[in-house]
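In what follows, a structure is listed as structure tokens, so that the remarks can point back to it.
Not measured: the values here are computed from a predicted model.
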Amino acid sequence: MATVSVRYIVDDVDAAIAFYTQSLGFALTMHPAPSFAMLTRGDLRLLVNGTTGQGGASQPMPDGRRPEPGGWNRIQIEVDNIEDEVQRLKTSGARFRNDIVTGFGGKQVLVEDPAGNAVELFEPPKK
């Protein structure tokens, strides 16, 4: 599989780095400026940009809107045991948008990064 890049806008790049590396198993690939970092996990490249800075990701749109964190688009991370992951993350102070939802396709829950961006934890059904 080719590497896939996803960009999240965050309030605090350093807090995002800590959350993704310490809580979700990402590796810090680069942090060349205070307002930008690149993290990786498998074939996923996560680009985190602050709401200010010189990079294009933080610049206002022609209509004046500014990029901001906390939407509903999300990355999905597959886990072996969602209950254990939720408990581990709650112990570390992570915020959740919902409780675990179980459906035909498996179980899922939404945890927020420090800026309020959603990350879906997903446990596929047992075979």
Side-chain angles (χ1 to χ4, degrees):
M1 177 178 181
T3 300
V4 174
S5 294
V6 174
R7 184 180 311 277
Y8 271 174
I9 304 299
V10 300
D11 297 309
D12 182 333
V13 172
D14 290 329
I17 291 168
F19 176 76
Y20 285 100
T21 58
Q22 296 169 16
S23 298
L24 296 179
F26 281 74
L28 178 62
T29 304
M30 71 167 68
H31 188 201
S35 62
F36 175 76
M38 179 188 297
L39 302 115
T40 55
R41 184 172 189 232
D43 290 329
L44 174 61
R45 181 184 305 135
L46 181 61
L47 312 171
V48 291
N49 284 85
T51 56
T52 61
Q54 297 179 352
S58 64
Q59 301 307 305
M61 301 294 107
D63 66 2
R65 288 182 294 157
R66 297 195 62 89
E68 61 185 42
W72 287 95
N73 293 325
R74 57 194 179 255
I75 58 173
Q76 182 188 80
I77 297 175
E78 191 171 310
V79 298
D80 293 326
N81 185 309
I82 200 165
E83 287 84 4
D84 287 352
E85 288 296 318
V86 167
Q87 185 57 46
R88 182 182 66 78
L89 289 165
K90 282 184 177 180
T91 300
S92 72
R95 298 179 313 235
F96 287 81
R97 290 189 182 180
N98 63 336
D99 293 322
I100 297 170
V101 176
T102 302
F104 294 111
K107 299 177 184 178
Q108 66 175 343
V109 68
L110 298 178
V111 62
E112 293 184 343
D113 75 7
N117 293 303
V119 176
E120 179 180 324
L121 302 179
F122 173 74
E123 179 185 328
K126 304 292 185 218
K127 295 179 182 183

Exercise: identify the closest heavy-atom pair between A15 and P114: O-CG, 3.6 Å
Joint cluster assignment, L28 & L47, ILVMFWY side-chain distance < 4.5 Å: no
Residue pair D11 / P69: nearest heavy atoms and the distance that separates them: OD1-CG, 3.5 Å
Shared hydrophobic cluster for I9 and F36 (ILVMFWY, side-chain gaps under 4.5 Å): no
Under 3.5 Å donor-acceptor, R74 side chain and E112 backbone: no
Any donor-acceptor pair under 3.5 Å from R95 side chain to D113 backbone: yes
Spacing of CD1 belonging to I82 relative to CG belonging to L89, to within rounding of 0.5 Å: 10.0 Å
E120 CD: over 12 foreign heavy atoms closer than 6.0 Å: yes
Polar side-chain atom of R66 near backbone of T52 as donor-acceptor pair, under 3.5 Å: no
Atom CG of D80 with >12 non-hydrogen neighbours under 6.0 angstrom: no
Distance (rounded to the nearest 0.5 Å) between L24 CG and L39 CG: 10.5 Å
Verify same cluster id: L121, L44 (apolar side-chain graph, 4.5 Å): yes
Where H31 and A37 come nearest, the two heavy atoms and their spacing: CD2-CB, 3.9 Å
Distance (rounded to the nearest 0.5 Å) between N98 CG and L110 CG: 4.5 Å
Side chains of E83 and I100 in contact at under 4.5 Å (non-hydrogen atoms): yes
T102 side, atom OG1; K107 side, atom NZ - distance, nearest 0.5 Å: 5.0 Å
Test log, rule side-chain contact (heavy atoms from CB on, under 4.5 Å), inputs R7 and N49: CA-CA 7 Å; R7 184 180 311 277; N49 284 85; 2.6 Å; yes
Path from I77 to Y8 over hydrophobic side-chain contacts below 4.5 Å: yes
Point-to-point distance, once rounded to the nearest 0.5 Å, from OG1 of T51 to CD of Q59: 11.0 Å
Cationic N near anionic O, under 4.0 Å, E123 to K126: yes
Exercise: identify the closest heavy-atom pair between P67 and A57: CG-O, 3.1 Å
Smallest separation among heavy atoms of G105 and P125, with atom names: O-CD, 3.0 Å
In one Ile/Leu/Val/Met/Phe/Trp/Tyr side-chain cluster, 4.5 Å: V10, M30: no
Straight-line distance of D14 CG to S35 OG, nearest 0.5 Å: 10.5 Å
Considering all heavy atoms, the nearest G116-R97 contact: O-NH2, 2.7 Å
Side chain to side chain, D99 and V86, heavy atoms closer than 4.5 Å: no
